[in-house]
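Working notes, beginning with the structure itself.
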Amino acid sequence: MGIQNEKRIKLKRSMACGNKNLITDVPGVTVGHRTIRRADAGIFTGVTAILPRKDNLFRHKLPAAAHVINGFGKSVGLTQVNELGTLETPILLSNTFAVGTCMNALINYMLARNPEIGLTTGTVNPLVLECNDGYLNTIRSMPISEQDAFAALAAASGDFAEGAVGAGTGMNCYSLKGGIGSASRIMDLGGGHYTLGALLLTNFGAFHDLTICGERIGEHTLSLPAEPDKGSVIIVLATDAPLSYRQLLRISRRAQNGLARTGGITGNGSGEIVLAFSTANPVPHFADTPLLQGSFLHEDYMDIPFRAVCECVEESVLSSLLHAEPLVGREKHTRKSLRQILGWSL
């Protein structure tokens, strides 16, 4: 559950965490994993599913926005999100070569729940985001099936594991074992309490840049072989605060500040993509009236979600490192854990 119980990490939190310190502290949001480990074949990969709400997302879309920090990636669905400002399917995370499979799985998942799609109404915009796990995983084997994606969707709940699980099974972060990390913050906005949460798929950074609470750990700890900063990170932000598409885009742009706090430089060969959504002000697919009504946060209060994003993204990176166990992957490629490097017990 986040890193709220790890006393050796002295994060300077200016805001309270949610109960679980996970993205699922945002009411209605659930997360599920499908983890695939076949050591004899060098396969270490998986799928992670994020379900933004429990009812039919196609018929009750959510305000959403996407921001590309660095576009070295092969995601699906971002164009329509930014054109229409809405999210209409769950979100799947996996490895680069599984994007097509996960896209088909998500389409089939939505078709089964919405018989009108492609017949009496338009098609559907599946949202799949990826990182390349090919250093530890035999990515050319393409082991992920639609059934794996369905399993991740079916497993979604309020409690989920972090570290080397689901889509994070074969990922690297700062030349260490990375994966899935999450955190949340409670925001006091005009007397009302709202939650902002983040889930990250971390697969970026070079060890010498790793910074924890302002200290360059990578410079003062047991050194690792020098490697370039390459890889990717997917950042998903969720909130129940009433933010418009434009405001969601604004908080997405602040995610880079959280990455920078951990030492990220957004390298040339790295893909950093942010997706943000709000569970407030759902948009009906079928219009009963030409006018929609809703309340939105005044701009004078935007510094509060900006700060929450920075803290959640920073903590999610560190949480992915702290929860991930060391792994010997394909062709004996090895990634140590942050706990090993710091001399902490696993």
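Here the structure is a predicted model, which is why all the values come from computation and not from measurement.
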Got more than 12 heavy atoms from elsewhere within 6.0 Å of CD, E299? yes
Side chain to side chain contact (heavy atoms under 4.5 Å, CB included) partners for [X], two or more places apart:
X    : answer
S270 : F204, E272
S244 : R246, Q247, F296
E146 : T101, N104, A105, N108, F150
S278 : T239, L248, A280

For the [atom1] atom of [X] and the [atom2] atom of [Y], what is their distance to the nearest 0.5 Å?
X    : Y    : atom1 : atom2 : answer
T123 : I107 : OG1   : CD1   : 8.0 Å
R38  : I43  : CZ    : CD1   : 5.0 Å
I217 : H208 : CD1   : NE2   : 14.5 Å
L200 : C131 : CG    : SG    : 9.0 Å
L342 : I212 : CG    : CD1   : 5.5 Å
F277 : L87  : CZ    : CG    : 6.5 Å

After noting the C-alpha distance and the side-chain angles of M103 and L106, does the key distance pass the side-chain contact (heavy atoms from CB on, under 4.5 Å) rule? CA-CA 5 Å; M103 180 186 73; L106 204 46; 5.9 Å; no
Hey, are the side chains of [X] and [Y] touching, using non-hydrogen atoms and a 4.5 Å cut-off?
X    : Y    : result
M187 : P305 : yes
L57  : K61  : no
I91  : V236 : yes

Closest heavy-atom contact between [X] and [Y]?
X    : Y    : answer
L78  : L129 : CD2-CD2, 3.9 Å
A198 : S316 : O-OG, 3.7 Å
P282 : R53  : CB-NH1, 3.2 Å
S232 : F72  : OG-O, 3.7 Å
M171 : T202 : CB-O, 3.3 Å
T279 : P52  : CG2-O, 3.7 Å

[X] side chain vs [Y] backbone, donor-acceptor pair below 3.5 Å:
X    : Y    : answer
T30  : G28  : no
K177 : T169 : yes
S320 : I180 : no
T35  : V165 : no
T262 : E314 : no
H60  : N56  : no
S337 : L321 : no
N172 : G178 : no
H33  : A161 : yes
N281 : P63  : no

Ring pair (Phe, Tyr, Trp, His ring centres under 6.0 Å) contacts in which one or both residues fall within residues 88-130, not counting sequence neighbours: none
Sequence neighbours left out, what passes salt bridge (charged side-chain N to carboxylate O under 4.0 Å, His left out) with R335? Give chain and number order. E227
side-chain hydrogen bond (donor to acceptor under 3.5 Å, both in side chains) involving [X] - partner list, sequence neighbours excluded:
X    : value
S184 : D25
D300 : none
D148 : R34, S145

I'd like to know if [X] pairs up with [Y] as an ion pair, taking the criterion as any Lys NZ or Arg NE/NH1/NH2 lying under 4.0 Å from an Asp or Glu carboxylate oxygen.
X    : Y    : value
R185 : E315 : yes
R261 : E311 : no
E325 : R339 : no

Using the salt bridge (charged side-chain N to carboxylate O under 4.0 Å, His left out) rule, take E88 and R59 through it: C-alpha gap first, then chi angles, then the decisive distance, then the call. CA-CA 8 Å; E88 63 183 22; R59 297 181 186 178; over 6 Å; no
Members sharing [X]'s hydrophobic cluster (side chains within less than 4.5 Å):
X    : value
I265 : none
Y135 : F44, L136, L327
L249 : Y245

Could you give me the CA-CA distance, side-chain angles and deciding distance for T45 and D133, then say whether side-chain hydrogen bond (donor to acceptor under 3.5 Å, both in side chains) is met? CA-CA 7 Å; T45 192; D133 59 11; 2.8 Å; yes
Apply side-chain contact (heavy atoms from CB on, under 4.5 Å) to the pair Y194 and I186, showing each step before the final yes or no. CA-CA 6 Å; Y194 299 92; I186 305 299; over 6 Å; no
Are [X] and [Y] connected in the hydrophobic side-chain network, where two residues link if heavy atoms are under 4.5 Å apart?
X    : Y    : result
V313 : L210 : yes
L237 : L259 : yes
I235 : L196 : yes
V317 : L322 : yes
V26  : F160 : yes

Stepwise, does the side-chain contact (heavy atoms from CB on, under 4.5 Å) test hold for N21 with S182? CA-CA 7 Å; N21 199 15; S182 189; over 6 Å; no
E130-T96 side chain donor-acceptor pair, cut-off 3.5 Å: yes
Using only heavy-atom distances, determine whether the side chains of T121 and E116 contain a donor-acceptor pair under 3.5 Å. no
side-chain hydrogen bond (donor to acceptor under 3.5 Å, both in side chains) between N203 and N132, intermediate numbers included: CA-CA 8 Å; N203 193 54; N132 182 354; 6.0 Å; no
